[in-house]
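Have a look at the structure that comes next, please.
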Amino acid sequence: MWILYNIGIYLGQALVFIIAPFNQRVQKWRNGRKGLFQLIDNKIDRSKLHTWFHFASLGEFEQGRTVLEAYREHFPEKLIVVTFFSPSGYEVRANYAKADHVFYLPADTPGNARKFIDLINPEEVFFVKYEFWHNYLKQLHRRNIPLYLVSAIFRKNQPFFKWYGGFFRSTLFYVKHFFVQNQESTILLKEIGINTVTLTGDTRFDRVAHLSLKKRNIDI
């Protein structure tokens with residue numbers, strides 16, 4: 001199944017190159033990854049440890065932002081790397097002041113996962129909600145780098161919980177601890193033998209509460 005997964009990733013990359021001339025968003029995804037490893041190598045000091053926060057898109061960023069900013073407040077000396085899968089996140093937050101570096105995430109091939117982790121040298125990693133890139137998670141696990149999943153949410157109809165979902169379930173076991181949104185997610189994970197779970201709710205509510213404290217009066 002791992003071979004089929006990697007074939008799917010490579011086919012997806014090929015499809016991106018075919019579609020890109022006809023789709024502006026896909027074109028941004030492709031162009032943002034041109035020369036990416038050279039860019040990272042030029043900007044990152046790989047001899048230093050980093051904390052890595054990954055977000056799929058802008059929505060997940062807003063969901064996990066309170067966690068990132070609390071981390072920055074508690075550990076101001078830490079170097080933070082932020083990655084995005086989607087242009088919707090990267091283009092808006094490329095210059096995010098609370099991060100030391102912001103990059104696109106390279107496609108989840110075995111080689112990319114090894115090279116990217118070598119470059120950023122993470123000491124701990126936070127993924128938000130839905131991101132389960134098998135090769136990245138596997139590499140982190142092999143190197144004993146703790147990965148925490150924030151605001152995770154699971155449903156019974158997902159492949160992780162189906163009879164044919166052994167490969168997908170194996171990816172979940174690479175996560176050190178799950179911080180989940182609801183009780184159903186806790187139950188589903190424990191049913192497959194994952195007990196490193198804490199029910200914390202949806203961090204989007206923390207973000208909304210934080211913004212409400214900054215309300216301004218607007219003179220008409």
Side-chain angles (χ1 to χ4, degrees), residues 1-13 15-16 25-26 29 52-68 70-71 82-89 105-110 112-113 122 124-209:
M1 188 65 182
W2 178 72
I3 294 174
L4 291 177
Y5 174 85
N6 288 325
I7 290 173
I9 295 292
Y10 286 117
L11 288 176
Q13 288 183 280
L15 191 61
V16 162
R25 185 176 179 181
V26 175
W29 191 97
W52 174 21
F53 282 83
H54 174 66
F55 309 94
S57 65
L58 186 61
E60 283 75 18
F61 173 81
E62 291 300 326
Q63 191 159 30
R65 182 173 179 171
T66 52
V67 177
L68 190 161
Y71 187 94
V82 167
T83 58
F84 290 99
F85 179 79
S86 166
S88 70
L105 181 70
D108 185 36
T109 66
N112 283 353
E124 54 187 347
V125 182
F126 297 83
F127 277 27
V128 175
K129 196 174 181 179
Y130 282 141
E131 293 291 86
F132 299 104
W133 296 113
H134 182 86
N135 290 311
Y136 279 106
L137 271 61
K138 188 175 183 178
Q139 276 298 314
L140 292 171
H141 180 72
R142 282 181 171 177
R143 301 175 191 218
N144 294 315
I145 300 168
L147 167 66
Y148 306 96
L149 197 66
V150 177
S151 274
I153 189 165
F154 295 95
R155 300 179 305 278
K156 197 169 184 63
N157 63 353
Q158 290 175 303
F160 310 113
F161 313 108
K162 299 295 186 180
W163 63 268
Y164 55 81
F167 171 79
F168 303 102
R169 280 193 295 276
S170 71
T171 303
L172 297 183
F173 282 87
Y174 296 142
V175 178
K176 182 177 179 64
H177 201 95
F178 293 83
F179 297 93
V180 299
Q181 293 187 30
N182 58 21
Q183 187 63 35
E184 180 187 5
S185 297
T186 302
I187 293 169
L188 287 169
L189 289 172
K190 289 188 175 182
E191 284 179 348
I192 62 171
I194 295 176
N195 296 302
T196 51
V197 185
T198 302
L199 177 58
T200 54
D202 190 341
T203 51
R204 281 180 301 182
F205 291 104
D206 299 321
R207 177 65 179 153
V208 171

Heavy-atom check, side chain of L172 versus side chain of F178, under 4.5 Å
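They are in side-chain contact.
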Going by heavy atoms in the side chains, are H134 and M1 under 4.5 Å from each other?
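The answer is no; the side chains never approach within 4.5 Å.
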Are side-chain N/O atoms of E60 and S57 paired as donor and acceptor at under 3.5 Å?
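Looking only at side-chain atoms, S57 and E60 do form a donor-acceptor pair, the distance falling under 3.5 Å.
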Taking every non-hydrogen atom, the tightest pair across L199 and Q183:
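In this case the closest contact between L199 and Q183 is CD2-OE1, 3.4 Å.
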Distance-only polar pair, side chains of S86 and S88, donor-acceptor under 3.5 Å
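Yes, S88 and S86 have a side-chain donor paired with an acceptor closer than 3.5 Å.
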When you measure from the centre of the six-membered ring of W133, is the NZ or CZ of K138 under 6.0 Å away and within 45° of the axis?
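No; the conditions do not both hold, so K138 does not lie above the ring face of W133.
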Counting the benzene-type ring for Trp, do F179 and H177 have ring centres under 6.0 Å apart?
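Yes.
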Heavy-atom check, side chain of F160 versus side chain of I194, under 4.5 Å
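No. Closest side-chain heavy atoms not under 4.5 Å.
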What about the rings of F85 and H54, do their centers lie closer together than 6.0 Å?
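For F85 and H54, the ring centres are not under 6.0 Å apart.
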What is the ring orientation for F61 with F84, classed by angle as parallel under 30°, tilted 30 to 60°, or perpendicular over 60°?
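Rings of F61 and F84: tilted, as their planes differ by 30° to 60°.
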Do you know the tightest heavy-atom contact between N135 and W2?
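Smallest heavy-atom distance, with atoms named: OD1-NE1, 3.0 Å.
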Could you report the tightest heavy-atom contact between L189 and V180, atom names first, then the distance?
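For L189 and V180, the tightest heavy-atom pair comes out as CD1-CG1, 4.0 Å.
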Run through V125, T83, V67, V128 and flag the one making a side-chain contact (heavy atoms from CB on, under 4.5 Å) with F53.
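Option passing the side-chain contact (heavy atoms from CB on, under 4.5 Å) with F53: V67.
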Output field: ring centroids Y148/F127 closer than 6.0 Å
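Y148 vs F127: aromatic centres not under 6.0 Å.
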Student check: side-chain heavy atoms of D108 and Y5 closer than 4.5 Å
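D108 vs Y5: side chains touch.
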Measure up the F126 and Y71 rings against each other and bin them: parallel (under 30°), tilted (30 to 60°), perpendicular (over 60°).
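Perpendicular: the ring planes of F126 and Y71 meet at over 60°.
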Without hydrogens or angle criteria, can the side chains of Q139 and Y174 be said to hold a donor-acceptor pair below 3.5 Å?
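Side chains of Q139 and Y174: no pair found under 3.5 Å.
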Minimum heavy-atom separation for Q181 and S151, please, with both atom names.
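It is NE2-O, 2.8 Å.
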